[in-house]
Structure formats: C-alpha cells, structure tokens
Amino acid sequence: MVGPQYDFLANPLGVVRSTFDAAVASVSDPSAFDGRDWGVFPLFHHFLSDQSSLSQVPLLTPATIKWVKPNTLVRFRGMIQDMLGNEFYIGAYKDGSVWRTNKFMDVSQSLMASSVDMRIWERRLLYCVPVPGLSPWTQVSVEEFGDLSMDCKSENREKRRREDGESSDMPREGEHSSVASHSQGAATEIASSGTSLVSGLDSNSPPCLVKIYDSPDSELKLNDIFEFVGILTSDLELEEDDEDCDLSDGFSEDPLRHLPPSKVPHLHCFIQRKLAVHDFLQHNPIVEPRPNLVRGIREALLRHLTAVLSNDDLATHFMLLHLLSKVHARADDLAVGKLSLNLTCFSKETVSVFGKPLSVALKNLLPFTFCIPLTVEYLNSVSLTPKKNYDTNRLETGVLQLAEGSHLIVDETKLEAGTLNSVGVENTRLLKNLMELQKVEYDFKYYKVDMTTDFQLLVLSEGKSNILPADVIVPFRPSATSCSGAVTAEALEAWRWYLATVRQLSHTIEPEMQKVIESDLVAARQADRSLSSQDLSRLVTMGRLMSLSYGETSLSLEHWQMVKELERLRRERL
C-alpha cells in the first residue's frame with residue numbers, strides 16, 4: 001500500500017526522485033531502465049485508481065489555468081492534433097558518485113558536466129489542443145475544485161529548483177553534451193511562484209505539449225481524444241536561453257522551434273486514457289439502457305425537438321435518427337451506418353428564425369458541434385484539410401480536423417452565384433468526399449492520405465444541395481415559429497445520456513427479419529426503378545437506428561414498418 005510519505009498532488013517529482021534513488025540502489029546501473037519504468041507508473045496508477053483521488057487532480061482549462069501551479073499534478077483533456085515524433089534527452093546522469101534522473105522534467109535539477117556517465121533516453125511528443133467545437137456544458141468550473149487551488153503554503157510543495165541568489169548561469173541539461181534535447185527550446189514560460197500558470201497567455205483555450213514515456217505507439221492516434229495526467233513543468237529561463245543559443249542537434253529540424261514557448265504548457269504524462277462522449281457528461285449515471293427507460297426519454301426528447309423544429313413532426317423524426325447515426329462498419333468505400341441529413345426550404349431570412357434555435361439546441365445536446373457558413377468567398381479561401389509544413393515540421397490544422405463523433409452544420413443559405421477559384425474547386429471536392437465517404441484527405445505535399453472520419457453532417461439549404469449530397473433530403477415544413485420553452489438541467493442531462501448511450505449499442509437483424517427486409521426492398525425497387533443501392537442501404541440503416549432509438553438491439557417488424565412509413569411521408573414532400 002502506498003505510504004503517506006508521497007505527496008502525489010503537490011510534489012509528484014518527489015515521487016519520481018525517491019523511487020529512482022531506491023531503484024538505482026538495487027541495480028547500480030541505470031542502463032537497466034533504458035525505455036523502462038522503475039516503479040513510478042504503478043504508484044500513480046494505484047493512487048489515481050481511486051476516483052476520489054483522481055477528482056482532486058486539477059483539470060487544465062481556461063478557468064483553472066489561472067491558479068494551477070507548476071510542478072504539480074494536473075489533467076488535460078484534448079485532441080491529438082499533431083504527433084511530433086520522439087525527443088532525445090539525458091534521462092540519467094552521474095552527479096559525483098550519485099545517479100540522478102531528468103525523466104518527467106524539461107531541465108536538469110542540478111549542474112550537469114560533460115561525462116560518459118549519462119544515459120540518453122527518448123520520449124514521444126504530442127501536440128494536443130482542446131477538442132474543436134467543445135460545447136460549454138462540458139466545461140469544468142473552478143468552483144467544482146473547491147479548495148484544490150494548490151495553496152502555496154503546503155508544506156510538501158516542492159521547492160523551486162533555483163532559490164533566490166542562486167547563480168543564473170548554472171549549466172542546464174545538454175549544455176555540455178553533444179546530444180541535446182530535440183525540443184528544449186519550446187519549454188513553457190511559467191509565472192514564477194505567482195498564481196498564473198502562463199504569464200503571457202492570451203488564448204482562452206491553450207494547447208498543451210504532452211510528453212509520453214514508455215507507451216506503445218499503437219495506443220495513440222491522430223485526432224483521438226485523451227485525458228492525460230502528469231506533471232506540469234515550467235522554467236522561466238528557458239525562453240531567454242533559447243534566444244541566445246542554437247538548440248538544433250543535427251538529428252532533425254526541431255518541430256517546436258516555431259511554437260511560442262510562452263503559450264504551450266508542458267505535461268509529462270504518467271497516465272493517458274482515451275475518452276468517449278460519455279466521459280464528457282457532467283453526471284454520467286451507470287444505468288443499463290433498458291427499453292422502458294429509454295422509451296420515456298425518447299418521447300421527451302422528441303417533444304423538445306418538435307418544438308425546436310416548429311412542429312414539423314417528420315423533420316423531427318429524421319433529426320433523431322440523424323443524431324443517433326454513426327459509422328459502425330466499412331465495406332470498400334462505403335461507410336455503413338452514416339445518415340447525413342439535408343433540410344431544405346431554408347432561406348437567408350428564415351435560417352435565423354428556424355436554423356439558429358436548432359443550432360443552439362444541438363449545442364446543448366451534443367459535446368462537439370461545429371458550424372460551417374458556406375459562401376463562395378469561404379470556399380475560395382478556407383483551408384479545410386490539414387497540411388504538412390516541412391519548413392516547421394508541423395501539421396497545420398484545417399477546419400475538418402475534428403474529433404470522432406463531431407456534429408457539423410453546413411449553412412448553404414448564404415451561398416450565391418460566383419466563380420470558384422482552384423482552392424474553391426478543391427474544397428468543394430473535399431466536402432463532397434466527406435459527405436459520401438466519411439473521409440478527409442490530409443495533404444503531406446508529396447502525397448495525400450485519406451483519414452477515415454465519423455462526423456454527423458446536417459445541411460441547411462434552400463433546395464437540394466449540389467455540393468453536399470446527403471443521404472436523406474427532407475423539405476422543412478414549419479407550422480409555427482420555434483416555440484421551445486425552458487428546459488430543466490435534469491432533462492438535458494437525460495437527453496445527453498440517451499444520445500451518447502443509445503448510439504453505442506450493438507445491433508443485429510435476425511434471419512426472419514432479414515427475409516422480410518429483402519422482400520420489401522425488392523418490391524420497392526420494382527415499384528421505383530430510380531432507387532439506387534445506396535437508397536436501399538439507407539433504409540436498412542434507418543431501420544437499425546429506429547430500433548436503437550427505442551433501446552432495442554434487434555430490428556422488429558413494428559420498427560421496420562415505422563421506417564417505411566417515414567420514407568413514404570418524406571417522398572410525398574419531395
């Protein structure tokens with residue numbers, strides 16, 4: 001059992017150093033720890049496995065960044081925007097007769113002369129950003145941490161590495177070594193012993209440079225959302241030193257040289273956990289989605305969406321299926337499970353009356369939402385896809401670099417006649433590919449890579465969109481202006497839980513039901529030769545989503561009949 005001598009929250013580096021000293025005493029040669037842990041990770045895993053302990057770790061957000069102290073334990077939730085490769089650093093060195101470690105640190109804790117008694121280790125660099133389109137209701141307020149502002153008077157707070165009066169020209173890690181840290185020049189400027197984490201920070205949503213140790217590469221992928229728990233490090237002199245010396249070490253172009261050090265906090269990670277939509281729910285009950293429970297929530301959500309959509313019952317039912325859709329399989333270029341929706345009969349005037357309330361309602365229900373106002377000027381100028389910049393060795397983000405499960409509203413009502421330049425033509429092609437294939441093309445200059453996505457796409461337009469061919473086209477027929485009343489916090493939490501939970505349920509179609517579907521699809525094709533295989537596949541997807549909306553994991557005849565009726569009513573409107 002972990003003893004009380006460890007202060008994991010306020011002095012995590014003390015845990016690192018104590019365990020390293022004990023491990024070196026037992027093996028005498030730190031080369032045994034090359035690419036390996038000496039016992040630090042199990043201690044932090046044990047401590048953080050207790051939910052009450054994890055809840056004490058401050059979450060790095062625009063609200064908490066004002067008071068979180070450096071060299072303490074923090075959490076950061078974000079999307080992996082760029083993977084910067086590996087950083088070589090002096091992981092262990094001999095200080096006289098004593099071995100010391102620089103693991104989980106940006107700089108050495110003491111003078112480090114050139115010596116053969118040092119070990120060169122490496123760590124992975126991830127450039128992470130707050131999840132694009134993150135809804136406000138997912139954010140954590142400072143008040144939720146109570147007294148966890150890490151009072152400076154804590155007796156166990158680690159003392160600053162440089163005390164007042166200590167020489168400011170003390171040699172730093174790598175200064176006397178031929179092997180220097182790849183990315184030391186990008187260390188964060190941190191306010192010294194004050195209450196602000198980053199003194200020059202002017203962004204409401206700061207990115208974070210996460211340093212990963214001893215973790216398999218396969219666990220981390222571009223655009224995944226993770227929660228990282230680790231040490232927030234700082235050194236005020238790093239930026240000053242960077243101005244006076246060339247830190248290029250001959251291995252490669254430093255990818256962080258072009259990042260402003262004062263705006264990128266560093267987190268040395270102990271634990272990383274991939275997050276799903278459920279992890280962003282403020283109150284996530286451990287409840288089995290039983291059909292009787294789900295039905296009641298479904299009915300209440302339908303009433304709410306009907307009010308938001310101005311009593312258009314047909315559009316409401318298609319909207320619910322759209323919000324539950326996800327790509328659950330891929331066959332060649334076909335993304336099975338997607339259900340993009342195009343609501344037509346909107347104009348520049350009516351979109352503010354009916355479209356804006358819809359956008360607000362979806363932002364209150366979904367954790368990641370994004371809106372694209374489509375105009376000729378926008379298409380001709382915007383960078384939709386990420387591009388590799390080999391001068392800075394960075395992946396420059398694009399509008400469509402989003403997390404899995406993001407919801408996009410594309411507003412075409414402001415699109416007028418005009419001429420597309422080469423950028424506009426390319427952007428049009430990219431949007432069409434996204435809608436049809438659920439893929440985004442990443443540009444690496446010398447080659448391009450199709451990255452699979454799982455976005456929910458909603459198009460608001462006057463007529464059928466020619467740029468974005470949606471799976472379902474529904475003419476919008478409001479019978480009144482949006483009349484959604486006040487919604488309680490409890491109702492919103494229930495609807496968010498419903499959408500997040502039902503969307504993840506598995507689903508099957510029994511052989512008997514499969515025969516019924518096949519017979520109906522053959523009859524539909526004979527009655528209307530214009531129906532394509534994509535249309536028939538969409539009907540099966542709608543049947544699956546209809547069952548899931550009731551909490552059922554197997555398609556029933558009743559739900560299949562409901563889908564056929566919805567499709568009949570929709571086609572009558574076209």
(request) Please determine if Glu426 and Arg429 form a salt bridge, counting it only when a charged side-chain N lies under 4.0 Å from a carboxylate O. (result) yes

(message) Using every non-hydrogen atom in the two residues, find where Cys269 and Val210 come nearest and quote the distance to one decimal.
(response) CB-CG1, 4.0 Å

(message) Could you check whether any side-chain heavy atom of Met546 comes within less than 4.5 Å of a side-chain heavy atom of Leu566, counting everything from C-beta outward?
(response) yes

(message) Under the rule for side chain to side chain donor-acceptor pair (under 3.5 Å), what residues qualify as partners of Trp560, not counting sequence neighbours?
(response) Asp520

(message) ring-ring contact (aromatic ring centres under 6.0 Å, His included) for Phe370 and Phe455? Distances and angles first, verdict last.
(response) CA-CA 10 Å; Phe370 205 83; Phe455 303 157; 9.7 Å; no

(message) Going by side chain to side chain donor-acceptor pair (under 3.5 Å), name the residues that satisfy it together with Gln534, two or more places apart in sequence or in a different chain.
(response) Ser532

(request) Apply ring-ring contact (aromatic ring centres under 6.0 Å, His included) to Trp137 and list each qualifying residue two or more places apart in sequence or on a separate chain. (result) none

(message) Holding to side chain to side chain donor-acceptor pair (under 3.5 Å), I want the full list of residues that pass it with Glu567, two or more places apart in sequence or in another chain.
(response) Arg538, Arg570

(request) Return the orientation label for the Phe270 and Phe44 ring planes: parallel under 30°, perpendicular over 60°, tilted otherwise. (result) parallel

(message) Just so I know, are the side chains of Pro386 and Asp82 near enough to count as touching, which here means a heavy-atom distance under 4.5 Å?
(response) no

(message) I'd like to know if the side chain of Ser537 reaches the main chain of Ser533, judged simply by a donor and an acceptor atom lying under 3.5 Å from each other, with no hydrogens or angles considered.
(response) no

(message) Does Arg36 have more than 12 heavy atoms from other residues, nucleotides or ligands lying within 6.0 Å of its CZ?
(response) no

(request) Using modelled atom types only, decide if a donor and an acceptor are shared between the side chain of His322 and the backbone of Leu339 within a distance under 3.5 Å. (result) yes

(request) Would you mind reporting whether Glu227 and Leu59 have side-chain heavy atoms less than 4.5 Å apart? (result) yes

(request) Please determine if Glu565 and Arg568 form a salt bridge, counting it only when a charged side-chain N lies under 4.0 Å from a carboxylate O. (result) yes

(message) Quick one, Met435 with Lys338, criterion side chain to side chain contact (heavy atoms under 4.5 Å, CB included). Give me CA distance, side-chain angles, the key distance, then yes/no.
(response) CA-CA 9 Å; Met435 182 70 83; Lys338 70 183 182 74; 5.7 Å; no

(message) Show every side-chain hydrogen bond (donor to acceptor under 3.5 Å, both in side chains) that has at least one partner inside residues 373-386, sequence neighbours left out.
(response) Ser383-Lys387

(request) Just do the side chain to side chain contact (heavy atoms under 4.5 Å, CB included) check on Asp312 and Leu343 with the steps written out, would you? (result) CA-CA 11 Å; Asp312 187 339; Leu343 292 181; over 6 Å; no

(message) Looking at Asp454 and Lys326, would you say the former's side chain and the latter's main chain have a donor-acceptor pair under 3.5 Å?
(response) no

(request) Give the minimum heavy-atom separation between Ser530 and Asp535, together with the two atoms involved. (result) O-OD2, 4.1 Å

(request) Using a 4.5 Å cut-off on heavy atoms from C-beta on, say whether the side chain of His278 contacts that of Thr501. (result) yes

(request) Go through the steps for Phe41 and Tyr213 under the test ring-ring contact (aromatic ring centres under 6.0 Å, His included), then give the verdict. (result) CA-CA 10 Å; Phe41 291 126; Tyr213 298 84; 7.4 Å; no

(request) For the residue pair Ile225 and Arg77, establish whether any side-chain heavy-atom pair is separated by less than 4.5 Å. (result) no

(request) Taking the side chain as every heavy atom from C-beta outward, state whether Ser547 and His507 have any atom pair closer than 4.5 Å. (result) yes

(request) Quick one: pull up CD in Gln51 and CD in Gln56 and give me the separation to the nearest 0.5 Å. (result) 11.0 Å

(message) For a 4.5 angstrom cut-off between non-hydrogen side-chain atoms, does Thr541 reach Asp471?
(response) no

(request) Before giving the answer on salt bridge (Lys or Arg N to Asp or Glu O under 4.0 Å), spell out for Arg295 and Glu299 the whole-Å C-alpha distance, their side-chain angles and the decisive distance to 0.1 Å. (result) CA-CA 6 Å; Arg295 284 174 180 265; Glu299 291 174 4; over 6 Å; no

(request) List the steps and the verdict of side chain to side chain contact (heavy atoms under 4.5 Å, CB included) for Leu468 and Glu412. (result) CA-CA 10 Å; Leu468 296 162; Glu412 273 195 26; 4.0 Å; yes

(message) Using every non-hydrogen atom in the two residues, find where Val131 and Ala403 come nearest and quote the distance to one decimal.
(response) CG1-CB, 4.0 Å

(request) Would you please say whether a donor-acceptor pair under 3.5 Å links the side chains of Ser135 and Thr138? (result) no

(message) Would you say that Met562 contacts Tyr550 through its side chain, given a criterion of any heavy-atom pair below 4.5 Å between the two side chains?
(response) yes

(message) How close do Val382 and Val399 get, counting heavy atoms only, and between which atoms?
(response) CG2-CG2, 3.5 Å

(message) Between Asn389 and Glu396 (side chain of the first, backbone of the second, donor and acceptor by atom type, cut-off under 3.5 Å), is there such a pair?
(response) no

(request) Could you please spell out the steps behind the side chain to side chain contact (heavy atoms under 4.5 Å, CB included) verdict for Leu125 and Lys211? (result) CA-CA 5 Å; Leu125 301 179; Lys211 303 195 176 188; 3.7 Å; yes

(request) Indicate whether the side chain of Asn223 and that of Gln401 have a donor and an acceptor atom separated by less than 3.5 Å. (result) yes

(request) Using modelled atom types only, decide if a donor and an acceptor are shared between the side chain of Gln81 and the backbone of Tyr127 within a distance under 3.5 Å. (result) no

(message) Could you check whether atom CG of Asn466 has more than 12 heavy atoms from other residues, nucleotides or ligands sitting under 6.0 Å from it?
(response) no

(request) Find the distance between CG (Leu415) and OG (Ser461) and round it off to the nearest 0.5 Å. (result) 10.0 Å

(message) One pair to check against salt bridge (Lys or Arg N to Asp or Glu O under 4.0 Å): Arg571 and Asp528. What are the steps and the verdict?
(response) CA-CA 12 Å; Arg571 295 180 72 84; Asp528 186 354; 2.6 Å; yes

(request) Give a yes-or-no answer on whether the side chains of Gln438 and Thr453 include a donor-acceptor pair shorter than 3.5 Å. (result) yes

(request) Fit a plane to each ring of Phe346 and Phe476, take the angle between them on a 0 to 90° scale, and name the class: parallel (under 30°), tilted (30 to 60°) or perpendicular (over 60°). (result) parallel

(message) Nearest 0.5 angstrom please: Ser554 OG to Met513 CE, how far?
(response) 9.0 Å

(message) To the closest 0.5 Å, what do you measure between OG1 (Thr316) and CG (Leu309)?
(response) 4.5 Å

(message) Give me the atom names and distance for the closest heavy-atom approach of Leu395 to Lys388.
(response) CD1-N, 3.9 Å

(message) How long is the straight-line distance from CZ of Arg330 back to OG1 of Thr452, given to the nearest 0.5 Å?
(response) 4.5 Å

(message) Within the supplied structure, the quantity of interest is the number of heavy atoms (other residues, nucleotides, ligands) at a distance under 6.0 Å from Lys464 NZ; does it exceed 12?
(response) no

(message) With a 3.5 Å distance limit and no angle check, can you tell me whether Arg496 reaches the backbone of Asn364 through a side-chain donor-acceptor pair?
(response) yes

(request) Can you see which heavy atom on Lys348 is nearest to which on Thr413, and at what distance? (result) CG-O, 3.0 Å

(request) Could you tell me whether the side chains of Gln282 and Glu493 share a donor-acceptor contact shorter than 3.5 Å? (result) no

(request) Report yes or no: does Arg573 contribute a side-chain atom to a donor-acceptor pair with the main-chain N or O of Pro475 at less than 3.5 Å? (result) yes

(request) For Glu349, check salt bridge (charged side-chain N to carboxylate O under 4.0 Å, His left out) against everything at least two apart and list the hits. (result) none

(request) Report the distance from atom OG of Ser549 to atom NE2 of His317, rounding to the nearest 0.5 Å. (result) 8.0 Å

